Amino acid sequence: FSKDDINLIFNRVHENLDIANHGISFYSPIYILEAISSISSMEYKKIFDSLETDLQEILLLELNKKYQFLEGKMHKKRIH
C-alpha cells in the first residue's frame, strides 16, 4: 500500500466506526492499525510513519489512554 492508500483506509474506517461507536467501548483506532497490518503484512511502525500527523495523534492519544506514557513528559514540562 502507498501512504495515500494507508491514510485513506485508516480515515474511512475510523470515521465510520467513530460515527457508529455511540459509547461502545470495544472500538479503538489501534484495531484499525492492527487490521491494516494484518491485511498488508506491514509492520506497525511503517504504517504509523505513513499516516498523516493528525492520524498519528489519534493513535498516540489512544495508546496514552492505555499506557499513560505521555503523562510523565507532560508533568516535567509543567514543572519547568
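Computed from a predicted model, the values in this text were never measured in an experiment.
For residues 56-70, the pairs satisfying salt bridge (Lys or Arg N to Asp or Glu O under 4.0 Å) are E62-K65, with sequence neighbours left out.
Looking at residues two or more places apart in sequence or on another chain, you find a side-chain contact (heavy atoms from CB on, under 4.5 Å) between I58 and H14, P29, L55. For S2, the side chain to side chain donor-acceptor pair (under 3.5 Å) test picks out D5, with sequence neighbours left out. Residues satisfying the side-chain contact (heavy atoms from CB on, under 4.5 Å) criterion with L60, sequence neighbours excluded, are F48, F69. Remark: S37 engages Y44, I47 in a side-chain contact (heavy atoms from CB on, under 4.5 Å) (not counting sequence neighbours). Looking at residues two or more places apart in sequence or on another chain, you find a side chain to side chain donor-acceptor pair (under 3.5 Å) between D49 and K45.
The distance from the CD1 atom of I9 to the CD1 atom of I39 is 7.0 Å, given to the nearest 0.5 Å. Note that CD1 of I6 is 9.5 Å distant from CG of L33, once rounded to the nearest 0.5 Å. We find the OH-OG distance between Y31 and S38 to be 14.5 Å, quoted to the nearest 0.5 Å. With values rounded to the nearest 0.5 angstrom, L63 atom CG is found 4.0 Å from I30 atom CD1.
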Worked check of side-chain contact (heavy atoms from CB on, under 4.5 Å) between L59 and F10: CA-CA 11 Å; L59 281 169; F10 191 96; 4.1 Å; yes
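For S50 (side chain) and K46 (main-chain N/O), a donor-acceptor pair under 3.5 Å exists by modelled atom type.
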